[in-house]
Amino acid sequence: MKKSIVLVFVALMLGVLYAPLNAQVKFGVKGGVNIASVHFSDDVIDPNNVTGYHIGPMIEAMIPVTGLGIDVAVLYSQKGLEFEDESMKTDYIDVPVNLKWKTGVSVAKLYVAAGPYLSFRAGGDKKWDLIESQIEAKSFGAGVNLGAGVELLNHLQVGVNYGIGLTDNYSVNKVGLDDLNDGKNRTWSITAAILF
């Protein structure tokens, strides 16, 4: 009995190790529109959404039959905030790594995806002076993505994504005060990807 349990366990482990080697790998380009805003720890300001874009290469590796896989991208992405008809846009290099699940037929498949992302500030506005405050963009951030969409003809994906910042992406310093208030990015994205 012990030998058969060991054999089943070894077979399962070999299957788990072999599956990534047999994965269906596709490369592609992803791009779309960001609708971003910042949520501050205190009610220092009440910012509005700002519109930006994202674009960059991606790779998708799916394990056959299971519908499970990963989706990794390196995206140039604009985020920020708007306040009293002025906006602060910050450019990032975002690296999302999502676990993805697809279901459907080859003509049309639905997918859901979720996972962490890292953000590295690449340019745009670093500091923004308001009447009584100064907002400063930080150099590094991290968060979580949640997304869903449809894949058409095995090559075109269209979806919606929501990015929730877990680290502080902005700090606000009130003039004359030592206390800092921090803000986290929140970003809705409408995305299209072409896979090869």
Side-chain angles (χ1 to χ4, degrees), residues 29-59 70-101 111-150 157-193:
V29 177
K30 181 185 285 192
V33 176
N34 290 341
I35 302 168
S37 118
V38 178
H39 289 255
F40 290 99
S41 53
D42 291 330
D43 293 332
V44 207
I45 63 171
D46 185 19
N48 296 319
N49 295 335
V50 68
T51 304
Y53 65 91
H54 62 274
I55 189 165
M58 67 172 284
I59 184 170
I70 60 168
D71 177 337
V72 180
V74 178
L75 302 173
Y76 182 85
S77 185
Q78 285 185 328
K79 301 175 188 175
L81 61 127
E82 184 177 283
F83 182 69
E84 293 183 352
D85 297 329
E86 291 186 38
S87 63
M88 177 182 187
K89 284 191 179 178
T90 307
D91 302 332
Y92 292 95
I93 300 296
D94 284 349
V95 183
V97 179
N98 293 317
L99 180 65
K100 185 180 269 186
W101 179 70
Y111 70 83
V112 292
Y117 71 85
L118 299 176
S119 286
F120 304 92
R121 195 179 81 76
D125 298 325
K126 172 74 174 166
K127 292 185 179 179
W128 190 29
D129 291 318
L130 296 174
I131 296 170
E132 297 179 357
S133 306
Q134 183 182 70
I135 299 176
E136 183 173 350
K138 297 188 178 180
S139 299
F140 173 77
V144 175
N145 280 318
L146 304 169
V150 63
Q157 292 181 354
V158 179
V160 171
N161 189 73
Y162 185 58
I164 304 166
L166 298 178
T167 59
D168 296 323
N169 302 101
Y170 296 90
S171 62
V172 179
N173 188 10
K174 293 286 269 183
V175 174
L177 299 175
D178 293 332
D179 65 327
L180 289 174
N181 296 291
D182 296 314
K184 296 175 173 56
N185 279 325
R186 299 285 191 266
T187 309
W188 283 100
S189 299
I190 300 168
T191 301

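- For the residue pair Thr167 and Ala142, the shortest heavy atom distance occurs at OG1-N, 2.8 Å.
- Contact detail for Leu146 and Ala114: the closest heavy-atom pair is CD2-CB, 3.9 Å.
- What you find for Lys100 and Tyr111 is that their closest heavy atoms are CE-CD1, 4.0 Å.
- Contact annotation: the side chain of Val144 never approaches that of Pro116 to less than 4.5 Å [non-hydrogen atoms, C-beta and beyond].
- Residues Asp91 and Gln78 meet the side-chain proximity criterion, which asks for heavy atoms closer than 4.5 Å.
- At least one side-chain heavy atom of Leu81 sits under 4.5 Å from a side-chain heavy atom of Ile135.
- The residues Asp168 and Lys184 are annotated as salt-bridged, a charged nitrogen and a carboxylate oxygen being separated by less than 4.0 angstrom.
- More than 12 non-hydrogen atoms from other residues, nucleotides or ligands lie less than 6.0 angstrom from CG of Leu166.
- The shortest side-chain heavy-atom distance between Asn49 and Trp188 does not fall under the 4.5 Å cut-off.
- Summarising the geometry of Asn169 relative to Gly141, their closest heavy-atom pair is ND2-CA, 3.7 Å, with the distance given to 0.1 Å.
- Ring centers of Phe120 and Phe140: under 6.0 Å apart, within the cut-off.
- Side-chain contact between Val38 and Asn185: present, with at least one pair of heavy atoms (C-beta onward) separated by less than 4.5 Å.
- Judged by distance alone, the side chain of Lys89 and the main-chain N or O of Thr51 form a donor-acceptor pair under 3.5 Å.
- Taking all atoms of both residues into account, the shortest heavy-atom contact from Arg121 to Ala137 is CD-CB, 3.9 Å.
- By the side-chain contact (heavy atoms from CB on, under 4.5 Å) test, Val72 is found to be paired with Ile59, Ile70, Val97, residues two or more places apart in sequence or in another chain being considered.
- Ala36 pairs by the side-chain contact (heavy atoms from CB on, under 4.5 Å) definition with Val50, Lys79, Thr187, not counting sequence neighbours.
- The two residues Asn34 and Ser189 come nearest to each other via the heavy atoms OD1-OG, 2.9 Å.
- Looking at heavy atoms from C-beta onward, Leu75 lies out of side-chain contact with Tyr117 at the 4.5 angstrom threshold.
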